[in-house]
Number of protein chains: 4
Amino acid sequence: MSNVSNDKHTAILDAAHTLFGSSGFYETKMSDVAEKAGIAKGTVYLYFKSKEDLFMAVTRRDCEGYLQQLENKLQDHTTFTDKLSVIAEHHMFYYYERKQHTKLFFLAPNNNPELVAYMALFMEQYMQAVVKVLLEGRASEPELMAQSYIGMLDRLKMDILFDPSFTEADAFKRAKFAASLFSKGAMNNLHPAEDDKENNIANEDIE
Amino acid sequence: MSNVSNDKHTAILDAAHTLFGSSGFYETKMSDVAEKAGIAKGTVYLYFKSKEDLFMAVTRRDCEGYLQQLENKLQDHTTFTDKLSVIAEHHMFYYYERKQHTKLFFLAPNNNPELVAYMALFMEQYMQAVVKVLLEGRASEPELMAQSYIGMLDRLKMDILFDPSFTEADAFKRAKFAASLFSKGAMNNLHPAEDDKENNIANEDIE
Amino acid sequence: MSNVSNDKHTAILDAAHTLFGSSGFYETKMSDVAEKAGIAKGTVYLYFKSKEDLFMAVTRRDCEGYLQQLENKLQDHTTFTDKLSVIAEHHMFYYYERKQHTKLFFLAPNNNPELVAYMALFMEQYMQAVVKVLLEGRASEPELMAQSYIGMLDRLKMDILFDPSFTEADAFKRAKFAASLFSKGAMNNLHPAEDDKENNIANEDIE
Amino acid sequence: MSNVSNDKHTAILDAAHTLFGSSGFYETKMSDVAEKAGIAKGTVYLYFKSKEDLFMAVTRRDCEGYLQQLENKLQDHTTFTDKLSVIAEHHMFYYYERKQHTKLFFLAPNNNPELVAYMALFMEQYMQAVVKVLLEGRASEPELMAQSYIGMLDRLKMDILFDPSFTEADAFKRAKFAASLFSKGAMNNLHPAEDDKENNIANEDIE
DNA sequence: TATGAATGAGTGTTCATTCAT
DNA sequence: CATGAATGAACACTCATTCAT
């Protein structure tokens, strides 16, 4: 029962993820979702109470997967610079692998407090994950630093959407660029008192 | 004559800017725009041939104003660091002053090639303006640097949308933070010829 | 299942036939059609993809029924004169029985190539049905003759529309008149080989 | 004053005749009429109080011209057969010369009693003109005969609308065909008591 | 559970008409 | 008389949602 249910539940989420992602919330019809999921229109409503509810679920699954995968990758690395690179690469490639449907975040339904709240929560969690890494590098203003890093990556990722000739190598190059640029900036932003020593350590990390 | 015409044209653009910005494209009704502009529904169509056309016009005016003001401010400053600060402050305050309707870029109509093309153009122009400044600081990879800076600022600005207690002082603080952080990162990324040792280390990192 | 579907399909066609017929294409609202058919507005679009599509379907059904009934009646009669009468009576009474909605052909949507093509096809088929009968009477120029007969009947039918006191007896009288008048005209227009003298005179007239 | 007024009045009627004729009542916009007439939109309303009023005026002028020209042509001919031919040719060529805008009668606005009444009046007048000729041929049932003749001509004219290769020669041929066919039918329809004598006279007419 | 036929509220757009200039 | 900017009623069509089967 729960299996059957889960199969359809997942099929709907998958279909919705693809369609919302490529066409946006408003340009995606519930009937399209049902068709892509291989079920009847009415069935979607057995699993999700409304289109907005479905969008929330898609967003939630997407964001949770994003954070989960990031945590997993971070656990496999130990040095500060490695971790910065992991964050950058994860950010770039998560979108690169989803080229077709990265419009998602551009087209959320407005005025939905639940969604806005969730997006804020996601941002907070993502930021905290980055902050945790930054604190290992003893950066001051870690929250602003984390936001900056995320923003940098987010923009560097943009060309994936606009430039059809964007390659995997481009994604790698940008990830490295961001990590390198940021580690330097971050390094220069250490807590004053600890500047000398830490900086040496940091530089060793980098080398 | 041309004034009367311009008055209504402007009134519509203003109304649309506010409404599209706060409710998004799809949740904004043409009748709302008309009402807010103080004219009849049909009149809107005397000035803009469709809702999408109106959205394009709003976007275009907004983006052009953004770039124009930025250029003006940059001309009043001479040093590299000053200019970086000007960019950061302009980015933060342009949105800060438009708190009410900054959802604009989240809710563009999908699949409108004209709009996508224009947004790409805007990004290119914005980036080039930043690149021009960065070249004065002799940064290498100026385009990636510029995108990074813009992305950083864009994310730092986000809390304006989510955090109602966000103050003007916060905006200033973030602008300074970004400029400072970035100028250091940029400094570490100078052309090899002029910054032998540091740059070599950095390049080894990347390669 | 298929019955339910057909029931609604038919109900919509019936409602549309009446409304298009009495008010014309442009003065008939889809909501009126739905209301008269006893269903919701949206349901009409489950069966017909647009107002024009519905109009085409109504026209097609009407014309096909017209021709089908004519063929059936013709099969029950053998002599040339009988068949001419059948054509005349069918023409008169088909419209007489549809008094309320014979404005149909006056108010087709313009510039619809599909409709124009279909009307041309209908005319061709109707004409050929009459031609077939006329050939039994060995008329020369059967196509012009057929068109003439149809035109004659069409005009004689007009008063049904304009004259509220038009009776069934009037319809009969006119049918007989047309058949009689035309059969004499047709008789005078036989193939030369079989009607030497008369035909020669007629040909001289024409040349 | 009256001249200037008349110029515009006529220009509007001409423009409207062309547009209503080629696109029909509903597909013709008042702004198109104004533009084609070379005047401002509002000016149309100084001469005609509404779109329907304009349509009425166009129809009236067209029909009156039709009848007037027919009367003129009939006065130039004396014999019965000549007059029948004149009617036929006039009917064919009036439409032939207006190929581009013969949709006129197909697309009148429904439910306009004034228009319906006028069309009935026109038909009555046209019919009476034909009746007058027929009476010279001493036909019985002259009204039905007249309607038949008109209907015949009307249908024979139809191909002008549908067949782009329809030539002036085709129009002539059909006019002759109708006149010839009808004169024979009419001749056979003389008042019984006078059949013999009149028939001879009629035949002499034809020869 | 699953279906898909039916619903009907909602909205972009048109265009005949008006009226201040 | 002439203009054309402004009006706003009107309508086809869409699509999220429901519910009888």
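Here is the naming used below: chain letters follow the sequence lines, and residue numbers restart at 1 for every chain.
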Self-check item: d(OH, B/Tyr26; C1', E/dG10) in whole Å
Solution: 16 Å
Quiz item: Can you check the C/Lys29 NZ to E/dG8 C1' distance for me, whole Å?
Solution: 17 Å
Quiz prompt | Partner of C/Phe48 under side chain to side chain contact (heavy atoms under 4.5 Å, CB included), chosen from C/Met30, C/Met56, C/His9 | solution = C/His9
Self-check item: From E/dA2, E/dA6, F/dA16, nucleotide with atom closest to A/Leu46 side chain
Solution: E/dA2
Exercise. Would you mind reading off the distance between A/Leu19 atom CG and F/dC15 atom P, rounded to a whole angstrom?
Key: 13 Å
Quiz item: A/Glu27 has an atom CD; how far is it from atom P of E/dG12, in whole Å?
Solution: 13 Å
Quiz item: F/dC13 C1' sits how many Å from C/Tyr47 OH, rounded?
Solution: 18 Å
Quiz item: Quick one: D/Asp53 CG to E/dT17 C1', roughly how many Å, whole number?
Solution: 13 Å
Self-check item: Given DNA chain F, 5'-ward residue of the pair C/Ser50 and B/Val44, judged by closest heavy atom
Solution: B/Val44
Quiz item: Between E/dA2 atom C1' and A/Ile12 atom CD1, what is the distance in whole Å?
Solution: 11 Å
Quiz item: Between atom OH in C/Tyr45 and atom P in E/dA9, what is the gap in whole Å?
Solution: 16 Å
Quiz prompt | Contact nearer the 5' end of DNA chain E, comparing B/Lys41 with C/Gly42 | solution = C/Gly42
Quiz item: With a 4.5 Å limit on heavy-atom distance, are the side chains of A/Lys36 and A/Thr18 in contact?
Solution: yes
Exercise. Look at the side-chain N and O atoms of D/Ser31 and state whether any lies under 4.0 Å from the OP1 or OP2 oxygen of E/dC15.
Key: no
Quiz item: Are any non-hydrogen side-chain atoms of C/Tyr47 and C/Thr43 less than 4.5 angstrom apart?
Solution: yes
Quiz item: Nearest to the side chain of A/Lys51 - E/dT7, F/dA12, F/dA16?
Solution: F/dA16
Quiz item: Does OP1 or OP2 of E/dA2 have a side-chain N or O of A/Lys8 closer than 4.0 Å?
Solution: yes
Quiz item: Does the side chain of A/His17 reach to within under 4.5 Å of the side chain of A/Thr59, using non-hydrogen atoms?
Solution: no
Quiz item: Is F/dA6 paired to anything, Watson-Crick or G-U wobble with both distances less than 3.5 Å, and if yes, which nucleotide?
Solution: E/dT17
Practice problem: Look at the side chain of B/Lys49 and the base of E/dG12, then say whether one donor and one acceptor between them are separated by less than 3.5 Å. | Solution: no
Self-check item: Electrostatic pair A/Lys8:A/Asp14 at N-O distance under 4.0 angstrom
Solution: no
Quiz prompt | 5'-most by nearest nucleotide on DNA chain F - C/Thr43 or C/Thr28 | solution = C/Thr28
